[in-house]
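Taking it in order: structure first as structure tokens, then the write-up.
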Amino acid sequence: MPRFKIVAALIALFASASLIAEVAGTYEIEFVGMAGAPPSTLTMEKDDKGNYSGEISGGAGGEALDIDEITVDGDKFSFTITTPETEGISMSLEYSGEVDGDKISGTISTDWGEVEFEGTRQAEEEEDSEEDSEATDAGDQS
């Protein structure tokens, strides 16, 4: 009977861990309530030591900004970036959010208030290149 309890506990542990979404990925995010604002691309990566970093690009600035450190707790994340100086002004943007499957949502806090964002995880490039390869192979057979 004790073995059964250990096995059941391990199954429950692994099942609950798999329910927590992995935040690493590339997301296209849009800003809620800001019609016409261009979307941004947020990429969060996890290294072999379990540390997260990334990049955000697009949006109004268009320029890609590195994210040196992303704090991750389960399916929640946060990071701060500082925009490049424009006309003597730069801003600190504090992102915090949550990943639920392939959906992402959260807020950006600035000195002037908060902006909500939401988005979707993008397909990985490896999957795209495999599909392209299969399509090319299929075309070669005709």
Side-chain angles (χ1 to χ4, degrees), residues 3-142:
R3 274 191 208 176
F4 175 75
K5 288 182 181 179
I6 292 171
V7 171
L10 288 173
I11 290 171
L13 175 67
F14 290 121
S16 64
S18 67
L19 294 176
I20 297 175
E22 172 59 58
V23 301
T26 299
Y27 303 85
E28 182 172 299
I29 59 174
E30 296 183 356
F31 306 100
V32 177
M34 297 181 69
S40 291
T41 301
L42 170 61
T43 301
M44 296 189 281
E45 300 172 337
K46 182 178 178 182
D47 68 18
D48 56 355
K49 295 180 182 176
N51 299 316
Y52 289 83
S53 61
E55 176 182 273
I56 189 159
S57 61
E63 183 177 327
L65 300 173
D66 289 333
I67 307 166
D68 296 325
E69 183 179 335
I70 301 172
T71 302
V72 175
D73 183 10
D75 56 357
K76 295 178 178 23
F77 65 91
S78 62
F79 61 88
T80 301
I81 57 173
T82 302
T83 63
E85 194 170 299
T86 304
E87 297 181 17
I89 299 172
S90 69
M91 291 191 327
S92 180
L93 306 174
E94 297 175 15
Y95 284 71
S96 61
E98 183 173 5
V99 174
D100 182 10
D102 287 337
K103 300 292 182 186
I104 189 171
S105 61
T107 58
I108 306 167
S109 297
T110 71
D111 291 340
W112 297 292
E114 291 188 344
V115 175
E116 293 183 28
F117 66 88
E118 58 187 29
T120 306
R121 185 186 313 260
Q122 303 301 293
E124 293 186 29
E125 291 178 20
E126 291 177 3
E127 293 173 4
D128 293 342
S129 55
E130 286 176 12
E131 290 172 7
D132 292 344
S133 175
E134 290 174 10
T136 302
D137 290 345
D140 291 343
Q141 295 174 1
S142 359

Q: Kindly write out the residues that satisfy ring-ring contact (aromatic ring centres under 6.0 Å, His included) with F79, not counting sequence neighbours, or none if the list is empty.
A: Y95
Q | Residues that S109 engages under side chain to side chain donor-acceptor pair (under 3.5 Å), provided they are two or more places apart | A | E114
Q: Would you give the length of the straight line joining atom OG of S53 to atom NZ of K46, rounded to the nearest 0.5 angstrom?
A: 12.5 Å
Q: For P38 and F31, work out which heavy atoms get closest and say how close.
A: O-CE1, 3.7 Å
Q. Taking C-beta and beyond as the side chain, do M44 and I67 meet within less than 4.5 Å on heavy atoms?
A. no
**Q.** By side chain to side chain donor-acceptor pair (under 3.5 Å) - contacts of S96 (at least two apart)
**A.** T107
Q.
Run the side-chain contact (heavy atoms from CB on, under 4.5 Å) test against D47 and tell me which residues pass, sequence neighbours left out.
A. K49, N51
Q | Considering all heavy atoms, the nearest G58-S40 contact | A | C-OG, 3.9 Å
Q: Using the test salt bridge (charged side-chain N to carboxylate O under 4.0 Å, His left out), find all partners of E28 that sit at least two apart in sequence or belong to another chain.
A: none
Q.
Holding to salt bridge (charged side-chain N to carboxylate O under 4.0 Å, His left out), I want the full list of residues that pass it with K76, two or more places apart in sequence or in another chain.
A. E98
Q | Non-neighbouring partners of K103 that pass side-chain contact (heavy atoms from CB on, under 4.5 Å), sequence neighbours left out | A | T120
Name the atoms and distances for all side-chain donor-acceptor pairs under 3.5 Å in residues 81-88, with sequence neighbours left out.
{"unit_1": "T83", "atom_1": "OG1", "unit_2": "M91", "atom_2": "N", "d": "2.8"}
{"unit_1": "T83", "atom_1": "OG1", "unit_2": "M91", "atom_2": "O", "d": "3.4"}

Q.
So which atom in E94 and which in T80 form the shortest heavy-atom distance, rounded to 0.1 Å?
A. CG-OG1, 3.6 Å
Q: Kindly write out the residues that satisfy side-chain contact (heavy atoms from CB on, under 4.5 Å) with T110, not counting sequence neighbours, or none if the list is empty.
A: L93, I108, W112
Q: Apply side chain to side chain contact (heavy atoms under 4.5 Å, CB included) to I56 and I29, showing your working.
A: CA-CA 10 Å; I56 189 159; I29 59 174; 4.1 Å; yes
Q) Shortest non-hydrogen contact from E22 to Y52? A) OE2-OH, 2.7 Å
Q.
For E116, give me all partners under side chain to side chain donor-acceptor pair (under 3.5 Å), at least two apart in sequence or on another chain.
A. none
Q. Which distance, rounded to the nearest 0.5 Å, do you find between the CD of E69 and the OG of S78?
A. 9.0 Å
Q) Of all residues at least two apart in sequence or in a different chain, which pass the side-chain contact (heavy atoms from CB on, under 4.5 Å) check with D66? A) E55, D68
Q.
Checking T43 now: which residues fulfil side chain to side chain donor-acceptor pair (under 3.5 Å) with it, not counting sequence neighbours?
A. T26
Q | Within-4.5 Å side-chain heavy-atom neighbours: F117 and I104 | A | yes
